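This is a predicted model, so every value here is computed, not measured. Just follow the structure's listing: the first ligand is 1, and inside any ligand the first atom is 1.
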Amino acid sequence: MILHDSETLSLSEMQLLQSSRLRDTVQKVFQHVPFYRQKLTNFTITPSDVQTIHDIHKLPFTTKKELRENYPFGLFAIPRSQITRLHASSGTSGKPTVVAYSQEDINMWSDIAARAISMAEGKKGKILHNAYGYGLFTGGLGLHYGSERLGMITIPVSGGNTDRQIQLIQDFKPSVICGTPSYVLNIADRMVDLGINPKKTSLQYGIFGAEPWSEEMRRTLEDKLAIKACDIYGLSEVIGPGVAMECHEAQDGLHVAEDHFYVEVIDPKTMEILPEGEVGELVFTSLTKQAMPIIRYRTGDIASIKRETCTCGRTTTKMSRVKGRVDDMLIIRGVNIFPSEIEHTLLQIKDLAPHYQIFVSREKNLDTVEVQVEMQAHTFLQTDSVKRQEMMKIIAQKVEYDLKSKCLIHVKASVVEPRSIPRSEGKAVRIVDRRFSHS
Ligand code: DLL
């Protein structure tokens, strides 16, 4: 269901709205955030240079490094007395990045999260099981507020305690489940262990994101749980989940909430803006945020964008599925590859389960990669124990062959027993980088 008029604006109407909101945002950061005032001054830009959304390219980029340098409260644009909430991003190294929200920001975020949930048929009176982690991570609370805003009955389960999640799904009979794709897969597998048929639950829709996943993973989840799975994107620096969401009608790209967040795609090396359809780094500018507006934030996420009217009736710019992060890209003997492309190849082999890890090491100054992937439990159990090892070797050879022919990379593959890859309760750890450890 389309919740808001801004989801169906024409391009010129949207640009008019974005232009006035961008003017306000630039004015605001210039006046209230010393970091941005200095940065704009260094670029010899004053707020009057930014009149329409087409002037956005004059503005400098903001990087994660700069957010860290201003840790914790350096980028706030309003007095502390008007801030109602802090979250922090899930950085893996060094200081986290802190983000602040005013009550108005929370209201806007709830609205866009509500819009996102309604793209997966969330409605008043239906039940939403929220298995995203609650806490500093924005997944839990972001979708929680959106679900309540829609009038849904919201179950704040958070991540972990998988058996209890399953009990609650059986007892409360939710129609929508939210969580990382890897964790919801974990829930589905556990149902099978417990003798529960995951296809026979009340669930109809899944809202999955916070980590890269592939079309094959979508098919696996849809098939295992007999649901429709939709991709949700967001990042704490920009607001949290709901920056973009895929509609269940088309399941083909994510609608960007572009009345609040202006999206661009740039070449991460030259920083030039790329035309529609070309793959590069996503850059977002907040247009309505109060507590911590952000200008041309380089997300590190790789995707493309296009503007076209969708079969669902929305006209907003759509972004493709995120292929991966600039910093997760592996360069294996000169070939660039994202873990999600490896996943795509692995999941086409029917005897393999969607549980895998990629180990990167360095030998004689060359990066080497090993993929470990689990065998499907039923194939494993049906195979005579004497023949198993042989079969696992043959499948591993097929993995190596497919990765070589489809992704042009040479990797070592090992097929391992079911349940030997660690399971996630939130974002899955797909890459284990051993290049810089000395153990
Ligand atoms: O992951 C917000 C979120 C929560 C999004 C729940 C969706 C659902 P952060 O912890 O700040 O925020 O991490 C943001 O996660 O820059 C991407 O690299 C990755 N990411 C988020 N959504 C997707 C997605 C939340 N749908 C970082 N596909 C982002 C691929 C995603 N990667």
Next item on the list: Quick one: do Trp213 and His344 satisfy ring pair (Phe, Tyr, Trp, His ring centres under 6.0 Å)? Show the steps, please.
Entry: CA-CA 9 Å; Trp213 55 306; His344 176 82; over 10 Å; no

Check: Numbering the atoms of ligand 1 from 1, which are under 4.0 Å from a heavy atom of Asp301?
Finding: 16 (O), 17 (C), 18 (O), 29 (C)

Checklist line | Contact atoms of ligand 1, heavy-atom distance to Asp231 under 4.0 Å | finding: 24 (C), 26 (N)

Notebook entry, point to check: Do the side chains of Thr299 and Val283 get nearer than 4.5 Å, heavy atoms only?
Noted result: no

Check: Is there a donor-acceptor contact under 3.5 Å linking the side chains of Gln38 and Asn42?
Finding: yes

Next item on the list: Scan for salt bridge (Lys or Arg N to Asp or Glu O under 4.0 Å) pairs involving residues 149-160, sequence neighbours excluded, and state none if there are none.
Entry: Asp111-Arg149

Identify every side-chain donor-acceptor pair in residues 72-83 under 3.5 Å, counting partners at least two apart or on other chains, and give the distances.
none

Note to self: With heavy-atom distances below 4.0 Å as the criterion, list the atoms of ligand 1 near Tyr132.
What the structure shows: 6 (C), 8 (C)

Checklist line | Heavy-atom nearest neighbour of atom 26 (N) of ligand 1 within options Leu141, Ile232, Leu254 | finding: Ile232

Next item on the list: Give the single entry among Ala113, Pro96, Ala210 that approaches atom 7 (C) of ligand 1 most closely by any heavy atom.
Entry: Ala210

Note to self: Show me which atoms of ligand 1 lie under 4.0 Å from any heavy atom of Thr138.
What the structure shows: 2 (C), 12 (O)

Check: Do ligand 1 and Thr299 have nitrogen or oxygen atoms that lie under 3.5 Å from each other?
Finding: no

Item checked: Within-4.5 Å side-chain heavy-atom neighbours: Phe359 and Val411 -> no

Checklist line | Charged tip of Arg430 within 45° of Tyr356 ring normal and under 6.0 Å | finding: yes

Check: Is the gap between the ring centers of Tyr101 and His87 under 6.0 Å?
Finding: yes

Margin query: Any heavy atom of Arg321 closer to ligand 1 than 4.0 angstrom?
Written below: no

Margin query: With nothing but distance in play, are any N or O atoms of Trp213 less than 3.5 Å from an N or O of ligand 1?
Written below: no

Check: Nearest heavy atom to atom 25 (C) of ligand 1: which of Gly234, Ala244, Ser236 does it belong to?
Finding: Gly234

Next item on the list: Return the option from Glu246, Arg325, Lys427 holding the heavy atom at the smallest distance from atom 9 (P) of ligand 1.
Entry: Lys427

